[in-house]
Amino acid sequence: MKKQNIELKGKTILVTGAAGFIGSNLVRILYEMVEDIQIIGIDNMNDYYDITLKESRLEGLKKYSSFVFIKGNIADKEMVHSVFQKYRPRIVVNLAAQAGVRYSIQNPDAYIESNIIGFFNILEACRHSYDTEGAGVEHLVYASSSSIYGANDKIPYSVEDKTDSPVSLYAATKKSNELMAYAYSKLYGIPATGLRFFTVYGPAGRPDMAYFGFTNKLLKGETIQIFNYGNCKRDFTYIDDIVNGVIRVMRKAPERDKKEIRHKVYNIGNHEPVNLLEFVEILQQELVFSGVLPENYDFEAHKELVPMQPGDVETTYADVSELIEDFDFKPNTSIRKGLRAFAEWYRSFYQVEEKRL
Ligand SMILES: NC(=O)c1ccc[n+]([C@@H]2O[C@H](COP(=O)([O-])OP(=O)(O)OC[C@H]3O[C@@H](n4cnc5c(N)ncnc54)[C@H](O)[C@@H]3O)[C@@H](O)[C@H]2O)c1
């Protein structure tokens with residue numbers, strides 16, 4: 001295991017995308033785990049999905065008295081620079097991005113603005129953080145994505161695999177982030193780690209993701225479509241496991257490689273692909289168990305098993321051997337436990353019983 005080289009205690013940490021799914025949980029778990037920290041959160045609160053979800057996540061962070069929230073767009077260079085000047089963060093975690101593969105067909109501009117210009121501003125601010133002696137960024141951790149593997153058919157996906165054939169603009173922006181961070185690391189010595197996340201799920205997760213969409217549809221009495229007759233395997237990673245992995249990574253900035261560059265990229269996922277049909281069956285059981293759906297719900301009548309969509313891949317999962325080796329990362333939340341937490345949160349957030357009465 002790599003030696004920890006960054007002490008988080010006593011530090012100021014900047015988290016962009018702090019009202020987002022992963023960002024808000026990262027802020028919460030950091031405050032629970034590490035003493036004497038100050039976290040500055042930036043988020044533009046865009047309406048890509050239900051904004052009340054973002055507001056409720058932020059509401060939950062109000063109890064941490066040193067947490068400062070700034071509503072702002074990372075594509076706004078002046079705002080980013082003034083935050084760096086004022087708070088001098090030593091660790092930066094960039095999670096703000098326009099996520100989602102399909103939406104990049106509808107609204108490509110959002111991806112260029114947040115993922116390219118926004119990330120460039122973060123890199124520039126990290127670069128200039130060294131202008132004042134002794135106050136520079138010790139580690140930049142940034143979100144990449146499993147989607148950069150495109151239509152690769154070799155599984156599991158390994159960081160050694162080629163990633164130069166993205167099949168969406170979203171994937172292309174995430175790959176660009178890795179290249180930009182590499183160049184800035186080389187040019188200005190910014191220690192940086194890119195994390196390729198694989199499907200993250202859990203309470204207050206993203207409504208654009210399948211498990212959340214299935215739940216909405218089943219509750220409305222609509223039919224859900226399960227591709228490749230359910231015979232697809234995916235790596236589902238529970239939010240707390242992901243965040244614990246991110247925190248381990250934050251504590252260890254990459255050492256210089258052979259070319260003297262302090263930049264690394266890792267896959268971060270469960271490494272235990274689950275059959276989609278099995279995942280949906282556990283989701284159904286947990287939706288009934290938590291009272292989101294009644295016991296006599298006719299799932300078979302609301303489920304359609306359909307063929308594979310063109311371009312879809314049967315099995316995708318992460319090779320996380322480097323992450324295990326360097327950070328001793330081991331997700332340990334079972335799908336049942338994770339989906340139970342999601343279903344319980346869903347019932348209470350959407351006040352399902354009251355609506356049914
Ligand atoms: N959740 C996953 O399964 C997954 C998988 C792969 C990659 N990722 C990446 O991880 C990161 C976090 O994802 P998430 O699931 O928490 O998504 P999310 O959409 O819930 O969070 C992102 C947050 O960033 C904010 N944001 C977007 N553009 C911004 C901008 N220009 N300025 C300031 N804030 C902005 C949004 O309002 C949102 O709250 C993203 O970079 C995403 O691409 C997530």
Side-chain angles (χ1 to χ4, degrees), residues 14-28 40-58 61 69-77 79-80 83 93-101 103-104 107 109-122 125 141-149 157 168-178 181 194-212 234-243 245-246 249 265-270 316-318 331 338 342:
L14 173 67
V15 177
T16 72
F21 175 39
I22 301 177
S24 58
N25 281 288
L26 175 65
V27 173
R28 172 180 63 85
I40 314 301
I42 300 181
D43 201 297
N44 68 352
M45 305 294 282
N46 69 57
D47 62 0
Y48 167 58
Y49 60 76
D50 183 5
I51 215 166
T52 59
L53 251 174
K54 296 182 183 182
E55 286 164 353
S56 115
R57 295 180 188 133
L58 281 181
L61 301 178
F69 178 70
I70 296 156
K71 185 175 173 193
N73 188 336
I74 58 164
D76 174 353
K77 192 168 196 157
M79 184 280 294
V80 172
V83 169
V93 185
N94 187 63
L95 299 171
Q98 180 55 58
V101 172
Y103 187 62
S104 58
N107 187 3
D109 300 57
Y111 291 77
I112 300 301
E113 178 180 310
S114 297
N115 305 9
I116 301 292
I117 300 172
F119 188 58
F120 164 70
N121 289 339
I122 296 292
V141 178
Y142 65 93
S144 181
S145 166
S146 62
S147 63
I148 70 163
Y149 289 106
Y157 291 153
S168 68
L169 181 64
Y170 170 64
T173 62
K174 289 292 180 180
K175 179 65 191 175
S176 307
N177 287 173
E178 293 185 2
L195 294 175
R196 296 176 181 170
F197 292 107
F198 282 67
T199 321
V200 189
Y201 75 98
R206 278 191 8 228
D208 62 333
M209 297 189 86
Y211 69 100
F212 206 127
R234 295 286 180 268
D235 226 357
F236 296 99
T237 318
Y238 188 62
I239 181 67
D240 289 14
D241 289 336
I242 277 283
V243 167
V246 172
V249 170
V265 169
Y266 294 91
N267 284 337
I268 180 162
N270 217 17
T316 71
Y317 70 108
F342 165 72

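Start at 1 and go down the list; that is how both ligands and their atoms are numbered.
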Any side-chain heavy atom of Asn267 sitting closer than 4.5 Å to one from Ser146?
no
Ring-plane angle category for Phe236 and Tyr201, please: parallel below 30°, perpendicular beyond 60°, tilted otherwise.
perpendicular
Quick check: do Thr173 and Gln98 have side-chain heavy atoms less than 4.5 Å from each other?
no
Salt bridge check, Lys54 against Asp47: does any charged N sit closer than 4.0 Å to a carboxylate O?
no
Within the 4.0 Å heavy-atom cut-off around ligand 1, the contacting residues, ordered by chain and number, are Gly17, Ala19, Gly20, Phe21, Ile22, Asp43, Asn44, Met45, Asn46, Tyr49, Lys54, Gly72, Asn73, Ile74, Leu95, Ala96, Ala97, Ala99, Ser114, Ala143, Ser144, Ser145, Tyr170, Lys174, Phe197, Thr199, Val200, Arg206, Met209
Charged tip of Lys174 within 45° of Tyr142 ring normal and under 6.0 Å:
no
Considering all heavy atoms of both residues, which atom of Val27 and which atom of Ala18 are nearest to each other, and what is their separation?
CG2-CB, 4.4 Å
